[in-house]
Amino acid sequence: MAASITPSLRSALERLKHAGSVNGMLLCWRRQILINLLPFEEFRSERLLQSVHDARAHFASGGDRDVATFWFGYEGVFVLALFQGEHLLITLHTHASEVDFLRRVGLTFLDDTQLLVQALLQPSPDDETSRDETQPLGEPGVDGLPPQSSGPTKVIPRHA
Amino acid sequence: MSDSEVLPLPLQLFTLKDGHVASDSGQEAVNNYAADFQGLRHFGLKIGECLELGPPWCGTLQEEDFTLNFAYFDAGTDAQDPGAGALIGERIPLFELLTRVNSMEA
């Protein structure tokens with residue numbers, strides 16, 4: 001199940017990456033990277049994740065402060081970091097005016113993908129079994145189309 | 001209004017010049033803002049180093065009922081460069097607060 005769900009989570013994040021002027025995204029759980037769509041080397045993404053967490057810990061250290069959002073502007077690019085629960089979504093974007101839109105869709109993404117993230121973090125034992133039992137697709141026919149079944153189409157009753 | 005209700009912090013504006021923070025909001029407000037500003041700028045620098053983006057020219061942090069930012073004017077990013085900042089006891093649009101701070105340059 002997780003094997004089929006992970007691409008869904010990635011595709012959801014990739015769809016979000018095409019929103020507005022987004023240059024890259026990083027989805028994390030605690031201090032662990034789940035999906036990295038940043039145009040940087042892996043070690044830079046890792047350092048970024050740690051630095052954002054350190055920033056949040058710094059402001060929380062003085063009492064009960066809970067920073068949910070950081071937004072920094074650099075020469076030509078902005079970095080938006082959104083915390084929600086144990087998740088962190090970092091977005092790199094170009095246009096400052098899009099930040100509130102990106103913040104809202106980012107939080108919606110984190111809301112809507114809780115089950116997908118959970119399945120990614122805790123794959124059930126059935127996942128391995130279901131993957132083994134998956135039947136490979138047949139080779140395409142001479143015309144490039146999927147092979148046709150020789151028998152009649154089987155109708156599976158809805159309430160067997 | 002009952003005693004338990006606390007009014008949110010009003011919008012407070014700060015100026016950054018020659019490495020100093022100034023405001024009409026009083027010394028305590030300046031001290032509180034300066035502490036947050038220094039922390040925010042420090043981590044903005046660290047994040048910029050991670051991705052080789054250089055120092056930040058603006059930064060914002062937002063909590064459930066608190067928003068604080070800073071921005072340097074023109075192309076400045078050095079601690080001595082002129083800039084401005086703001087805080088407010090609400091969660092307001094980030095771009096709106098940045099626009100408000102940038103308007104202090106004029």
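By convention in this document, chain letters (A, B, ...) are assigned in the order of the sequence lines, proteins followed by strands, and residues within each chain are numbered from 1. Everything numeric in this text was worked out from a predicted model, so none of it was measured.
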So, taking the atom named [atom1] in [X] and the one named [atom2] in [Y], what distance separates them when rounded to the nearest 0.5 Å?
| X | Y | atom1 | atom2 | result |
| --- | --- | --- | --- | --- |
| B/Leu53 | B/Ile47 | CG | CD1 | 10.0 Å |
| B/Glu90 | B/Thr67 | CD | OG1 | 8.0 Å |
| A/Phe109 | A/Leu89 | CZ | CG | 6.5 Å |

Within 45° of the ring axis of B/Phe66 and under 6.0 Å from its six-membered ring centre, is that where the NZ or CZ of B/Arg91 lies?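 Ring-cation test returns no.
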When only pairs under 4.5 Å are counted, which of [options] shares the most heavy-atom pairs with chain A?
| options | value |
| --- | --- |
| B/Ala71, B/Gly59, B/Cys50 | B/Cys50 |
| B/Ala35, B/Cys58, B/Gly39 | B/Cys58 |
| B/Glu52, B/Glu49, B/His42 | B/Glu52 |
| B/Leu61, B/Thr99, B/Thr77, B/Asn69 | B/Leu61 |

Contact origin within A/Phe43 toward chain B - heavy atom pairs under 4.5 Å: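 Contact with chain B is absent: no heavy atom of A/Phe43 under 4.5 Å.
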Using non-hydrogen atoms and a 4.5 Å limit, figure out which bit of A/Val67 sits close to chain B: side chain, backbone, both or neither.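 Interface part for A/Val67: both.
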Look at [options] and state which one has the largest set of heavy-atom pairs under 4.5 Å with chain B.
| options | result |
| --- | --- |
| A/Phe40, A/Phe83, A/Tyr74 | A/Tyr74 |
| A/Glu98, A/Arg65, A/Glu41 | A/Arg65 |
| A/Gly76, A/Ala81, A/Ser51, A/Ala55 | A/Ala55 |

Under the side chain to side chain donor-acceptor pair (under 3.5 Å) rule, what do A/Asp54 and A/Gln50 come out as? Steps first, then yes or no, please. CA-CA 6 Å; A/Asp54 289 348; A/Gln50 302 305 334; over 6 Å; no
Hey, what's the ring geometry for B/Phe14 with B/Tyr33, parallel, tilted or perpendicular (30° and 60° as the breaks)?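 The arrangement is parallel - the two ring planes meet at less than 30°.
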Got a salt bridge between A/Glu14 and A/Lys17, using NZ or NE/NH1/NH2 to carboxylate O under 4.0 Å?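 No.
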Relative to chain A, which segment of B/Leu98 carries a heavy atom at a distance below 4.5 Å: side chain, backbone, both, or neither?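 Contact with chain A involves the side chain of B/Leu98 alone.
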Measure distances from B/Asp36 to the heavy atoms of chain A and classify the residue's part below 4.5 Å as side chain, backbone, both or neither.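 It is both, since atoms from each part get that close.
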Distance flag, aromatic centroids of A/His95 and A/Phe78, threshold under 6.0 Å: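 Ring-ring flag for A/Phe78/A/His95: false, centres at least 6.0 Å apart.
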